[in-house]
Amino acid sequence: MLNTGGLSLDQAPPIRVPFAFFLAAPLFAILAGGFLLWQGNLALLTRWSPAALAVTHLIALGFLTQVMCGALFQMLPVLAGARVAAVTRVAPLVQGCLVTGTLSLSGGLYWGGALWLVVGAVLLSCALLIFIGAAGLALARARGVPRTLQAMRLALLALLMTLLLGGLLVAVLLGAPIGGFTHWVDLHLGWGLLGWVGMLVMGVGYQVVPMFHVTPAYPPWLTRAAAPLVFAGLLVATGLTLTGSAVPAAWGFGVSVSGLVLFAVVTLILQRRRERPRLDVTLIYWWTAMLAALAAALVWALDGRVEPIGVLLLIGVGIGLPSGMLLKIMPFLSWFHLQHRQVTTRRFDVRLPYMQVFIPERLARIQFGVFLGALLVTVAAAGWPVSGWGAWLARLGGLGLVVSSVLLWWLQAGCVWRYREISRRLG
Amino acid sequence: MADPLAPRVLDVRRLEPPEPMERVLDALTDMPEDGRLWVLHRREPFPLYDLLRRLGYAWRTLGEEERFEILIWPADFPPSRSELDWRIPC
């Protein structure tokens with residue numbers, strides 16, 4: 001249960017704070033899709049190609065981390081029962097540094113150039129350290145929903161580790177004499193994808209899956225064990241790498257992966273047992289993301305190519321899950337803020353629309369269909385990049401990602417437009 | 001046949017947010033000025049309380065895991081002892 005005994009809208013940030021993050025994020029997915037469309041299978045042949053590195057950071061930072069920052073700024077006051085300090089000044093600062101830092105780093109990784117890498121690393125450090133500080137302070141004070149808070153605190157520590165390792169890798173690219181480059185990259189990826197993304201999805205999922213899909217609660221054994229398992233695995237992998245035992249470090253990653261597999265399987269089982277038979281697009285996005293995570297774990301366990309694993313995690317989970325949540329959360333926040341505004345202004349003559357009106361379900365399903373096509377085609381392109389069709393599949397996947405992200409942005413913009421229109425009528 | 005004198009109960013346990021709140025606010029619009037509304041909910045609806053307070057309603061919540069009973073009344077017309085003691089049948 002949320003610790004919201006004193007919850008009122010006064011504690012939440014102004015709606016423009018999360019919406020600014022949510023509206024900017026799809027632009028980075030469009031850029032990533034544009035890179036794929038332009039570079040074709042060069043971006044999928046190897047994870048070391050400049051195009052692959054640029055696309056990875058555009059998605060991981062520009063889309064995923066941006067949505068997560070906006071969502072946490074919105075959720076933390078609700079969970080913590082306390083406002084994030086100076087959120088209207090902190091949030092734009094974080095977003096400004098995140099946007100410019102991501103563009104600079106991605107440009108530096110693709111075109112080379114020490115200046116772009118350094119500027120990107122500095123700006124991203126500013127963005128993420130300010131964010132970790134503000135969110136960490138609120139999480140440290142938070143009470144209630146202990147398992148969600150535990151997963152979120154661990155996710156924030158994982159983000160810090162990802163940032164530190166990212167800084168180390170930029171230093172290596174600039175010529176610092178540090179050995180074992182590939183192992184540090186593996187750790188950076190592990191802390192970023194399994195730690196930051198995986199544990200945050202868990203923390204959010206423990207709350208939103210039972211609430212929005214009317215399922216039974218997650219079993220206590222899972223909420224107690226899953227996130228600590230992921231974190232412990234990453235610690236073991238890091239420790240083994242530091243002591244020069246990089247090969248057995250894979251066992252640490254295995255422990256982390258098993259934590260996420262457990263979460264994904266239990267989520268799918270809970271969603272099968274949901275009370276409402278209605279299949280909304282957010283639910284379908286959750287299924288897709290959980291199945292993508294399981295498929296990625298399977299390919300990893302079978303020692304398959306890492307590129308399709310990256311596509312499944314970055315596009316399937318990293319773009320898919322936030323997209324599905326945005327299609328639910330943006331209408332919900334719009335409706336909730338308008339409801340409060342109506343009560344404050346006493347304008348009961350203005351009829352508020354139901355939540356589904358803010359983002360029409362039929363259009364959201366079309367958006368999902370394009371996204372799913374893009375995901376499947378890009379996974380195929382990453383699995384068989386040197387086949388005759390590889391280049392065309394990669395470009396087709398890129399085009400699909402561009403179209404689905406434009407559609408997502410258009411649906412979000414429509415939601416904001418409807419919100420503003422009704423808000424104006426309420427005075 | 002439904003008892004016409006039975007309290008009005010709104011069961012929103014199988015609805016996803018924000019439908020429970022939408023249904024409660026719709027029901028309050030139709031409620032007479034000295035009326036009461038019993039709501040059966042699967043979570044304690046904290047966000048609803050702030051709206052109720054601003055709209056001039058008072059409430060009392062009894063509950064446990066997955067089953068919460070919320071009695072809502074206009075703040076100017078508090079419930080009787082028997083209304084407070086009444087429980088929604090399982």
Side-chain angles (χ1 to χ4, degrees), chain A residues 1-12 77-79 81 144-145 207-217 220 271 273-280 282-283 328-346 348-349 351-358, chain B residues 9-35 37 39-77 88-90:
Chain A
M1 185 58 58
L2 294 178
N3 175 29
T4 47
L7 174 68
S8 79
L9 206 64
D10 305 333
Q11 287 175 309
V78 178
L79 287 170
V145 285
Q207 291 298 319
V208 302
V209 168
M211 187 167 82
F212 278 121
H213 302 138
V214 197
T215 71
Q271 287 173 335
R273 291 171 54 200
R274 69 192 185 281
E275 295 270 2
R276 291 203 94 184
R278 199 163 76 88
L279 263 183
D280 70 11
T282 302
L283 182 65
K328 177 77 81 179
I329 286 172
M330 285 189 70
F332 181 75
L333 287 178
S334 300
W335 179 88
F336 194 56
H337 276 259
L338 288 172
Q339 192 75 57
H340 276 257
R341 193 169 173 77
Q342 184 177 46
V343 170
T344 305
T345 58
R346 318 296 289 180
F348 297 108
D349 55 312
R351 174 130 186 97
L352 294 189
Y354 285 112
M355 194 178 103
Q356 292 78 4
V357 173
F358 289 93
Chain B
V9 176
L10 192 61
D11 184 352
V12 296
R13 284 176 297 175
R14 287 178 177 77
L15 302 181
E16 64 186 86
E19 283 180 67
M21 198 189 284
E22 287 174 337
R23 300 279 179 97
V24 171
L25 294 174
D26 278 351
L28 290 176
T29 310
D30 302 334
M31 195 167 87
E33 68 171 2
D34 59 347
L37 178 66
V39 180
L40 194 53
H41 209 302
R42 65 197 290 266
R43 301 186 145 234
E44 185 159 13
F46 291 112
L48 177 67
Y49 297 158
D50 188 46
L51 278 176
L52 290 178
R53 187 175 45 76
R54 292 190 195 203
L55 285 167
Y57 290 96
W59 66 92
R60 192 273 324 265
T61 303
L62 297 173
E64 55 196 45
E65 196 86 357
E66 302 276 305
R67 186 187 162 94
F68 290 88
E69 293 183 19
I70 305 112
L71 169 61
I72 303 169
W73 65 86
D76 296 337
F77 294 92
I88 301 171
C90 287

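Letters A, B, ... are given to chains in the order of the sequence lines, protein chains preceding strands, and every chain is numbered from 1.
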For chain B, find which of A:V214, A:T344, A:L352, A:D280 contributes the most heavy-atom pairs closer than 4.5 angstrom.
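Heavy-atom pairs under 4.5 Å are most numerous for A:V214.
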Would you call B:L71 and B:L62 a side-chain contact if the rule is heavy atoms closer than 4.5 Å?
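Side chain of B:L71 against side chain of B:L62, heavy atoms only: no contact under 4.5 Å found.
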Taking the side chain as C-beta and beyond, is there a heavy-atom pair between B:M31 and B:L28 under 4.5 Å?
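Of all side-chain heavy-atom pairs linking B:L28 with B:M31, at least one is under 4.5 Å.
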Which answer fits [X], side chain, backbone, both or neither, if we ask what part of it has an atom under 4.5 Å from a heavy atom of chain B?
{"X": "A:Q342", "answer": "neither"}
{"X": "A:F348", "answer": "side chain"}
{"X": "A:P331", "answer": "neither"}
{"X": "A:R274", "answer": "neither"}

Side chain, backbone, both or neither of B:L15 within contact of chain A (heavy atoms, under 4.5 Å)
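Its backbone and side chain both get close to chain A.
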So which heavy atom on B:R14 is nearest to which on A:E275, and how close?
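That closest heavy-atom pairing would be NE-OE1, 3.0 Å.
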Are B:W59 and B:Y49 near enough that their ring centres are under 6.0 Å apart?
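Ring centres of B:Y49 and B:W59 closer than 6.0 Å.
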Kindly state whether the ring of A:F332 and the ring of A:F212 have centres lying under 6.0 angstrom apart.
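Here the rings of A:F212 and A:F332 have centres that are less than 6.0 Å from each other.
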